[in-house]
Number of protein chains: 2
Amino acid sequence: MPLPSDQDDALVVEDARQPTYDEFLALANFRSTLRRFLAFSEQAAADVGLTMQRYQALLVIKTYRAGEHISVGELAEQLMTRDHSAAELVSRLVQAKLVKRKTDPSDRRRSLVIMTPSGDRCLARLAAVHLRELRASKGAFLNLFNVGKE
Amino acid sequence: MPLPSDQDDALVVEDARQPTYDEFLALANFRSTLRRFLAFSEQAAADVGLTMQRYQALLVIKTYRAGEHISVGELAEQLMTRDHSAAELVSRLVQAKLVKRKTDPSDRRRSLVIMTPSGDRCLARLAAVHLRELRASKGAFLNLFNVGKE
DNA sequence: TACGTATACATCGTGACACGACTTAATTGC
DNA sequence: GCAATTAAGTCGTGTCACGATGTATACGTA
């Protein structure tokens with residue numbers, strides 16, 4: 001039984017082995033690449049007056065089930081947040097006039113989120129910029145996994 | 001003229017073109033994979049009482065130039081944030097007893113950030129969990145780039 | 001039909017985090 | 001020696017997520 005730390009009762013009983021320095025380094029490099037991309041994305045979003053959350057929300061809204069309108073709860077699920085976090089995000093999107101809410105006529109508890117033309121334009125511009133960046137940094141991402149190990 | 005490895009259209013139109021639906025979808029899938037990983041990471045960090053920023057900070061501090069102590073400004077650079085954002089993060093890390101500040105004797109303006117044994121233990125546990133997850137989801141990441149386009 | 005329960009969303013208070021603008025302290029460059 | 005620069009920290013503001021809670025609407029069943 002390996003005992004690398006004094007109290008390891010709760011989680012990770014197996015593989016409690018201390019990572020090697022190279023493993024720490026690989027994780028740091030991976031995170032660094034992620035941060036670089038996310039920083040780019042944040043700046044690109046800011047350039048059109050958005051935040052990353054709003055960009056991601058628009059992306060989900062746009063692509064949800066080939067155009068079907070998404071509800072707040074479904075948006076939360078896609079964004080992996082709580083319902084009320086998504087509701088708040090939608091409120092900020094509405095305030096920014098990027099989407100509208102519409103009560104689902106078939107279930108009046110549900111709020112459908114619908115992109116405005118302005119939201120659609122913002123998203124299209126951001127998407128174009130992101131596509132270019134992703135194509136450009138494809139190599140950096142692939143390297144992480146090919147160099148990493150094994 | 002630089003050749004951006006894109007041969008679809010003329011250089012001029014490159015950004016103005018509306019992304020296709022499949023391109024929106026590819027971006028949405030990429031973000032979804034990223035969110036899945038980041039949500040895992042956030043949960044793993046929360047399980048040891050950390051946030052993702054703190055985990056990333058510890059990772060940088062640990063791996064900075066093979067053990068050399070990092071300053072607040074250098075940490076900011078690595079994390080791609082502003083100096084004062086890093087200073088605030090370090091303050092929270094200090095409060096959580098994960099690191100200590102130490103004035104650099106050779107330049108008393110600089111604050112060196114030094115991990116405590118507790119910080120080291122937290123990081124090691126998180127790193128081990130992340131290594132496993134990354135190895136497991138390697139395929140998902142690689143698919144994103146192979147399926148996307150050429 | 002009536003009514004309790006589950007569901008979907010919204011609201012409120014709190015905390016982490018980032019930022020711009022500003023301050024303080026130490027170093028540097030003449 | 002002293003102004004300019006640099007490193008770090010402080011303050012106020014905004015985004016965002018969360019738990020706890022509130023409020024409709026839908027549903028299930030007696």
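Chain letters run A, B, ... following the sequence lines, proteins first, then strands; residues in each count from 1. On a predicted model such as this, the values are computed, not experimentally measured, just so you know. Scope of the values below: all heavy atoms of this structure, side chains included, with no hydrogens, waters or symmetry mates.
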What contact category does Thr81(A) fall into here, base, sugar-phosphate, or nothing, at under 4.0 angstrom with non-hydrogen atoms?
sugar-phosphate
So, Arg54(B) and Glu42(B), do they make that salt bridge, N to O below 4.0 Å?
no
Starting at atom CZ of Arg108(B), determine the distance to atom P of dT5(D), rounded to an integer number of angstrom.
23 Å
Have a look at Asp107(A) and say if it touches a base, only the backbone sugar-phosphate, or nothing, with a 4.0 Å heavy-atom cut-off.
sugar-phosphate
Select one nucleotide: of dT11(C), dG9(D), dA17(D), the one nearest the side-chain heavy atoms of Arg92(A).
dA17(D)
Kindly state whether the ring of His130(B) and the ring of Phe30(A) have centres lying under 6.0 angstrom apart.
no
Side-chain atoms of Gln53(A) come closest, of dC16(D), dG20(C), dC9(C), to dC16(D)
Please tell me which of the listed nucleotides, dC18(D), dC16(D), dA7(D), lies nearest to the side chain of Arg109(B)?
dA7(D)
Across the strands shown, which category fits Ser85(A) at heavy-atom distances under 4.0 angstrom: base, sugar-phosphate, nothing?
base
The side chain of Thr51(B) is closest to which nucleotide in this list: dA18(C), dT15(D), dC17(C)?
dC17(C)
Could you verify whether a donor N or O on one side chain and an acceptor N or O on the other, from Thr20(A) and Asp22(A), lie under 3.5 Å apart?
no
Tell me: CD of Glu42(B) to P of dG15(C), nearest whole Å?
17 Å
Separation of atom CG in Leu50(B) from atom P in dC17(C), rounded to whole Å:
10 Å
Is Arg82(B) close enough to dG20(C) that one of its side-chain N or O atoms is under 4.0 Å from OP1 or OP2 there?
yes
So which nucleotide from dC9(C), dC18(D), dA16(C) ends up closest to the side chain of Arg54(B)?
dA16(C)
Taking for Val72(B) and for Glu88(A) the nucleotide of DNA chain D with the nearest heavy atom, the one nearer the 5' end belongs to Val72(B)
Using whole Å, report how far CG of Asp104(A) lies from P of dA24(D).
19 Å
When you compare the side chains of Ser91(A) and Arg101(A), does any donor N or O come within less than 3.5 Å of an acceptor on the partner?
yes
